[in-house]
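Below is one structure; the comments refer to it alone.
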Amino acid sequence: MDRQLKFSEAILEATDQAMGRDPSVYIVGLGVPDPKGIFGTTLGLMKKYGAARVQDMPLSENAMTGVALGSALVGMRPIITHQRVDFALVAMEQMVNQAAKWHYMFGGKAKVPMVVRMIIGRGWGQGPQHSQSLQAWFAHVPGLKVVMPTTAHDAKGLLAAAIEDNNPVIFIEHRWLHNISDTVPEEYYTVPLGKARTMCEGSDVTIVGTSYMALESLRAAKLLGEAGISAEVIDLRTIRPWDVETVLTSVRKTGRLVVADTAGVAFGVSAEIVATVLEHEFASVKAAPIRIGLPDHPCPTSPALANSYYPRAGRIVLEVRRMMGKEPITDALPLTSDQKLDIPDASFTGPF
Amino acid sequence: MDRQLKFSEAILEATDQAMGRDPSVYIVGLGVPDPKGIFGTTLGLMKKYGAARVQDMPLSENAMTGVALGSALVGMRPIITHQRVDFALVAMEQMVNQAAKWHYMFGGKAKVPMVVRMIIGRGWGQGPQHSQSLQAWFAHVPGLKVVMPTTAHDAKGLLAAAIEDNNPVIFIEHRWLHNISDTVPEEYYTVPLGKARTMCEGSDVTIVGTSYMALESLRAAKLLGEAGISAEVIDLRTIRPWDVETVLTSVRKTGRLVVADTAGVAFGVSAEIVATVLEHEFASVKAAPIRIGLPDHPCPTSPALANSYYPRAGRIVLEVRRMMGKEPITDALPLTSDQKLDIPDASFTGPF
Amino acid sequence: MSQPSDNRLRFKLYKEMLRIRIVEETIAGYYGEQEMRCPVHLSIGQEAAEAGACAALEQRDYVLSGHRSHGHYLAKGGNLKAMMAEIYGKATGCAGGKGGSMHLVDLDAGFLGAAPIVGSTIPIAAGVAFAAQMRNEDRVVMVFLGDGATETGVFFESINFASLKNLPIVFLVENNFYSVYSPMNVRQKGDHRIVDIARAHGMEAHQADGNDLECVHQLCTQAVTKARGGGGPSLLELITYRWREHCGPGYDNDIGYRTEAEFLSWKERDPVAAYERKLIANGVGTQPEIDRIAKDLKLEVEEAVSFAKQSPWPDLDTLSTQVYAN
Amino acid sequence: MSQPSDNRLRFKLYKEMLRIRIVEETIAGYYGEQEMRCPVHLSIGQEAAEAGACAALEQRDYVLSGHRSHGHYLAKGGNLKAMMAEIYGKATGCAGGKGGSMHLVDLDAGFLGAAPIVGSTIPIAAGVAFAAQMRNEDRVVMVFLGDGATETGVFFESINFASLKNLPIVFLVENNFYSVYSPMNVRQKGDHRIVDIARAHGMEAHQADGNDLECVHQLCTQAVTKARGGGGPSLLELITYRWREHCGPGYDNDIGYRTEAEFLSWKERDPVAAYERKLIANGVGTQPEIDRIAKDLKLEVEEAVSFAKQSPWPDLDTLSTQVYAN
Ligand SMILES: Cc1ncc(C[n+]2csc(CCOP(=O)(O)OP(=O)(O)O)c2C)c(N)n1
Ligand SMILES: Cc1ncc(C[n+]2csc(CCOP(=O)(O)OP(=O)(O)O)c2C)c(N)n1
Ligand SMILES: [Mg+2]
Ligand SMILES: [Mg+2]
C-alpha cells in the first residue's frame, strides 16, 4: 500500500509497464540505453525489450522528432527523450509545425500519438543554455498537450496517460524532482491529463504551482499556516489543457491568486492563469494577483548569482503576506550554514 | 510633408537608408535579391549595394541565423529575412539559445546587433503552416527585443531603430499591412523601441492592439464612438520590452482593458498585458479584462472556415459593449456581398 | 523498362504522366476564377519523374511529399475528386478543406501526407520506414523533395539515419534547378553534390534524366526492389524543370530570374510529348489511341472540377474540431 | 613539421600541449572539493589535436568551440587565470562568472566564444568567416567540433554555406568515437563519412591521427594557409580519444559503455608522452629540460587556481545586468 518510489523510478516503471502492455510503444533518445539511462529513467529497458524498442540515436534531434512522428502516423507509439529542454530547440519545427498540426490539417485523417520527454536542468552551474523552462511555448500551440508532473505518483500515472493519448504530448520533468519519493502503486494506472490536484485546502489564498514550484508552494503554505494564513495549493499537473475549473472554484472561495511557475514570469504560463481567472472571476478576486517565477534574464552559471535567480518558498510567503496586508518577514527561510542552493539534496556532489 | 508610402516601401526605405549610412549593414534571406524582393521590401537593393551586401542564401534558415550572429559578433549588422514566421521555426535554436544569450552569458563581452525580419502570413488559404503568429514565444525570451509595427511611418522608424540597436531584434511584419500607406518622411529617422503609441484618446475603455489588430481596434473605436462609447486605442508597437507605463496610465483613466492581438489568445501576448495591468492597477480596473485573438486551434485553409478564424473590428465592438453592459449588437459590421475576407484588399487576386 | 515488350505498362505509365499534365493544366485554367483560394505549386514539366517513380511502388507502399505534391498524390493513386475539392476548400476535400493544395492526403492510396515546410516531411518519411522495419512489414516508403530541400539540415540528418538503420526508403529528389526564384549557384556548389552526400553516408545514389519516363521507372524499380529486399535506402536525383511560376498558375519567364531561352530549351524536352512520340514511333500506340486517352482524361478532370465546385463548404462546426484525436 | 630543424617550434608545441594536460589534470584534482560548481568537459587525451591546430593560427585569427573547450581556449592564447576563475564562478572569470566552463571567451586572444549546444557554434564560426571575407580582412577562423556534432543538421548546412562562399575557415573535427556514452555505430555509418561529407561539397578534407602533434600541426598549417590565401575552407578529422568521463573529473571505463582495454590501448598512445619521447630521442630536448617545463607549468596552474579561489564572487548587482547591450 505504501510503496515508495522515486520520481525517476516512477517514470521508468510507467515506461516499462506501457511497453509491456503495448508492443507499439518504443523509446528513443540520446543516451536512452546508456549506463546512466536518462537520470535512471530508462535503466534496464534495453535488456528487457531489446535494441529495436529501446534505441539510442544520432545527435539529430530535429530529424529524430520527425522520425518519431512518422512512425506514430502508421501506428507506433514513440517516446522521444531529450536531456534538456534547451537541446530540443532544434526540434521545434517538427513539434510545432508538424506534430501539433497533422491531425487538424488533414481533417482528422492523421493521428500522432507520441510523447516528447524533456528535462528542465537546474543547479550546479547549468547556466544559460541548460536550464530553460519553456512550457509556455508549447502551451501556446494548439494540437500539443503539455504535462508537468510534480510527484512520483503523478509522474507514473501522467506518463502512462500521455503514452495512451493519441496526440503529441510534451512531458516536462524537473531535474530536482527525480530523486524525490512518493507512494506509487505497483500496478499500472493512469492519471488523467488536464486535471489539477489540490495539494492542501485553504481559505485565504489560492497558490497555483507548476512542477517543482508546486512543492515550494506547499512549503510556503505550511509556513503561512503557522502564521495563521490558510493557503490552498493547487498542483496544476497539466499545462495544456489546464484545469480552469479547479482553479476558478478555488479562487471563488479564497478571492486571492498567486501563481508560482518554474519558468520566466514575463509572457509565461502564470500570465495565462492570471488572465483567465480575472476574465472569469473578476468579481470574486479581492486583491491584485501575484506571479512568481524566474526574473527577466538568462540563468547565470556562478552559484553566487544563480542562487538568487530561483525563487523559493520564502519568496512565496513574503508575497502572500504582502498581499494579505501583513508585516513582511524577510527572514522567512533562514539557510543553514552548510546548505547549498544549487543542488537538489546533500547527496549530490556534482556534475549532472 | 504629406509624403505617402506603403508599409512595404517604408521597410525598403529604412533598409536602403541604413545601408547607405552604415557599411556594416547587410541583408540576407531566401529570395532577397529575387524579382519579387520579399513582397517588394528589398527591391533594387542588390543593384544599389551589390551582391556582397544583398544576398540570397541556401534553404538553411538555422545555419544562416548562426551566420548572421557570427558576423554580428565581429561588427557587422545583419538583417536576415524569412517570408513566414513558420519557416523560422527551424532557426529557433540559434535565435533563442544563442543570439539572445551571447551578451549575457559572456559577461557583456559579446554583442549581437542583428535584425530578424519575419512575416505573418494570412489569407488566401495560407493554412496551418503559413500563418502562425509567434510573438509571444520571442517575447518570453530575455535578450531578444520584439517589434511589430502597424503603420508605414512606424515600420520605417522602428526598422531603422532595430538596425541601430546592439541586440538581436525580432521584427514581425503582418502581410496585410504591406500595402497600406501612411505619411512617411523621406529623411532617415528612428522610432524608439519600447514605446507604444496612442492612436486615439478615450475615456471609457483602453484597447491595446498589436500590428494589424491595432488597425481593427481603431476601426472598432470609431464604431464605438458612434454609439457613445469612448475608446482609447494604443498601438503597442514593441512587444518586448513593452510600454507598461503608457498602458497603465490609460487604464488608470478608463478602468477597462481590452487587448487585441494577432496571435492565439491562449498563453499569448494578451495574457501578459492583462496580468501586468491587474498586478499593478487592480484598484483602477472596473470590469473583467477581455482578450481578443485567434481561437485555440490551427488556421484552416478553406476560406469558408478561415473567414471565421480571424476576429475583426465587429468582434471588438461586441465585446466592449458587453463589457460596458450595453445591448449586444450582432450585426456590427455587415459585409457587402462581394467582400472577401481572405484577401487584404480587392486588388489582390491570389496567391501570395 | 526491364521488359521492353511490356507495352501495357508503357501505356499505363504514359497515361499516368499525361493525367498529371492535364490535371495541372486544368487547375491553371481555372485558377483565375479565384475560386481556388489557396497557393498551388504546379508540377507541369516534371510529370515523368512523378509518374515513373510512383509506378515502381505497390499500393501498400507509402509516399510523402512537400509543397509541390499534386503529381505525387495522383501518381500514387490519390483520389482526384477529393484533391480538387480540397483545392477548392470544400467539405468533400481529402482533408475536409482544412489543408488545401499544400496538404494532400489519401490513406487508402498510401499517400500519407504532404506539407509545405521545406524538408520537414523527409524525416517523417524516414519514421514511416522505421516503423515498417520495426514491424517487419513489406512496405517501402518514397519521399519526394526538391533541390532546395537538400540544403536543409533535416535532409542530411534523415539521410544519416536512414543509412545507419538501413531503412526501406527511397529519397526522390526532383532537381529543377530552382528554389522559388533562386538558382543553384546561390545555394549550392557542384554538379554531383546531392548524390555525393548520399554516397558519403554509404547510400546508393544515382543522378538521371528526370524527363525520361522509362529511365526513371527503371531506376526507381531497382531502388524499390532493393529496399523491399532489405537492401536499404537509395537516393535518386532526377534532373527536370518546372515550366510555370513557382506558386500559382502563370508563366513568369519575363520577370527576370531565368531566361525565356532556358525555358524553351526545356519545353523542347517536354516529357509528355517525348514519350508520346516514342510510343508512336515504336508502334506501341497510335495517335488516335493517344488522343482518345487524352480526351477521356480531360473529361475525368472536368468532372472532378465540377464535383469540387458543386460540393458544399465545410460545416462551420468543423472549424474548431479535429484539434485533438480521441 | 615543415621545417624539421625548427626545434623552437617543437618545444613551443610540446609546451602548449603539456600545459593543457596539466590544467585539465589540475581541474580534475580540485573538482572533488565541490568548489567548481559547474559541468566540466575535460580534454585529457586530445591535447595534441588542440595544441597542434591552434598553433597554426595567428593571434588575429579566430577560434570558436563547443562544450569541451578548455584546450582550444588555452591553445589559442586564452587567459588561464580568467578561465580558472570562470570555472570557479568568480567575478574575475572571463565571463564574469556568468558562463562557467561551458562558455569561455577571450576576445584579446581571438577566442570568440564557446557554447555547449552541440553544433551551434559551427554556423556562428562560418558567420565570423563570412564577415572577414566581406571586409576583406586577413583572418582565418577555426571551429572545433566533435564526431557527434557531425550528426547535426546545422553542421551540414554550415559546410554547404562555407563551401558555396569559399569562406576562410577550417572545420576541425576531433573524432573521439563517442558522443557522451554513445559509440559511433549507433549514430553514423562508415569510416570516412565525415570527410566524405565535406568532399561531397567540394571541400578539401583529410582524416589524420589526432594524437600525432606534428602531423596535426602540419595539416592545420596547410589548411590555414590555404584559407588565408583565398583557397577556401577545409575540414580536418583528427582521430583521438577522451580519457576521462564525458562530463566531470573521473574515469568511467567501469560503467560499461567502453572497455578498460580500449582505454588502455589509447593511453599507450598518449600524445604527450609520445611527443616527449620523440623530443628526447631526437635530441631536441632532455628529460631535465622537460621536467623543468612541467614544473613551471604546474606552478603557473596552481597559481591560477589560487587566483580563482581567492577572487571575489560576482557582485549580486550583475545578476540582472548585461541582458541587453547598449
Ligand atoms: C523551411 C522553409 N523555408 C522556406 C520556405 C519557402 N519555400 C517554399 S517552396 C520553396 C522552394 C523549394 O525549392 P525546392 O525544394 O527545389 O522545390 P521546388 O519548388 O523546386 O519544387 C521555398 C524556399 C518553406 N516553405 N519552408
Ligand atoms: C543539441 C544538443 N543535444 C544534446 C546535447 C547533450 N550533449 C552534450 S555533449 C554531447 C556529446 C557530443 O559529442 P561530440 O560532438 O562527439 O563531442 P565530445 O563530447 O566527444 O567531445 C551531447 C550529446 C547538447 N549539448 N546539445
Ligand atoms: Mg527546385
Ligand atoms: Mg566525440
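Within every chain, numbering begins at 1; the chains are lettered A, B, ... in the order of the sequence lines, protein sequences first and strands thereafter.
Considering CE of A:M92 and CG of A:L89, their distance stands at 4.5 Å, rounded to 0.5 Å. Note: B:T206 OG1 to B:R256 CZ = 10.0 Å, rounded to the nearest 0.5 Å.
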Decide side-chain contact (heavy atoms from CB on, under 4.5 Å) for B:K145 and B:I170; before the verdict, give the C-alpha distance in whole Å, the side-chain angles of both, and the deciding distance to 0.1 Å. CA-CA 6 Å; B:K145 297 187 177 182; B:I170 305 296; over 6 Å; no
Stepwise, does the side-chain contact (heavy atoms from CB on, under 4.5 Å) test hold for B:E272 with A:E272? CA-CA 7 Å; B:E272 177 65 24; A:E272 177 65 25; over 6 Å; no
Apply side-chain contact (heavy atoms from CB on, under 4.5 Å) to B:V258 and B:I292, showing your working. CA-CA 7 Å; B:V258 174; B:I292 291 169; 3.9 Å; yes
Quick one: do A:V112 and A:N167 satisfy side-chain contact (heavy atoms from CB on, under 4.5 Å)? Show the steps, please. CA-CA 5 Å; A:V112 184; A:N167 298 284; over 6 Å; no
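The main-chain N or O of A:I119 is never found under 3.5 Å from a side-chain atom of A:R84 such that the two would form a donor-acceptor pair. Here the side chain of B:H82 pairs no donor or acceptor atom with the backbone of B:M118 at under 3.5 angstrom. Between the side chain of B:N97 and the backbone N or O of A:D86, at least one donor-acceptor pair lies under 3.5 Å.
Of all the heavy atoms in B:L73 and B:A110, the pair that sits closest is CD2-CB, 3.8 Å. Minimum interatomic distance between A:L257 and A:I273 (heavy atoms only, all atoms of both residues): CD2-O, 4.3 Å. Pairing each heavy atom of B:S211 with each of B:H174, the nearest pair is OG-CB, 3.3 Å. The two residues A:A91 and A:N62 have their closest heavy-atom pair at CA-OD1, 3.5 Å. Nearest heavy atoms, B:C299 versus B:Y310: SG-OH, 3.7 Å. Between A:P168 and A:A99, the shortest heavy-atom contact is CG-O, 3.4 Å.
Ranked by heavy-atom pairs under 4.5 Å with chain B, the list A:A271, A:P300, A:P298, A:A275 is led by A:P298. Interface check for chain B: of the options A:V90, A:V269, A:L278, the most heavy-atom pairs under 4.5 Å are formed by A:L278. Ranked by non-hydrogen atom pairs under 4.5 Å with chain A, the options B:V96, B:T301, B:V274 are led by B:V96. Interface summary for chain B: among A:E279, A:K101, A:Q98, the most heavy-atom pairs under 4.5 angstrom belong to A:E279. Among the candidates A:E93, A:Q94, A:M95, A:H280, the residue making the largest number of heavy-atom pairs closer than 4.5 Å to chain B is A:E93.
Residues of residues 127-142 of chain A lying within less than 4.5 angstrom of chain B, judged on heavy atoms, are A:P128, A:Q129, A:Q132, A:S133, A:L134, A:A136, A:W137, A:A139, A:H140, A:V141, A:P142 in numerical order. Contact annotation for residues 281-290 of chain B against chain A (heavy-atom separation below 4.5 Å, listed by residue number): B:F282, B:V285, B:K286, B:A287, B:A288, B:P289, B:I290. Of all residues in residues 238-252 of chain B, those placing a non-hydrogen atom less than 4.5 angstrom from a non-hydrogen atom of chain A are B:I239, B:R240, B:W242. Against chain A, the residues from residues 260-268 of chain B that qualify, each with a non-hydrogen atom under 4.5 angstrom away, are B:A263, B:G264, B:V265, B:A266, B:F267, B:G268 in number order.
At a cut-off of 3.5 Å, with distance as the only test, a side-chain donor of B:T276 or A:R291 sits close to an acceptor on the other residue. In summary, the side chains of A:T65 and A:E61 do not present any donor paired with an acceptor at a separation below 3.5 Å, with no hydrogens or angles considered.
Residues A:L236 and A:M148 form no side-chain contact, since every pair of their non-hydrogen atoms from C-beta on lies 4.5 Å or further apart.
Partner of B:V146 under the side-chain contact (heavy atoms from CB on, under 4.5 Å) criterion, chosen from B:V116, B:I172, B:L193: B:I172.
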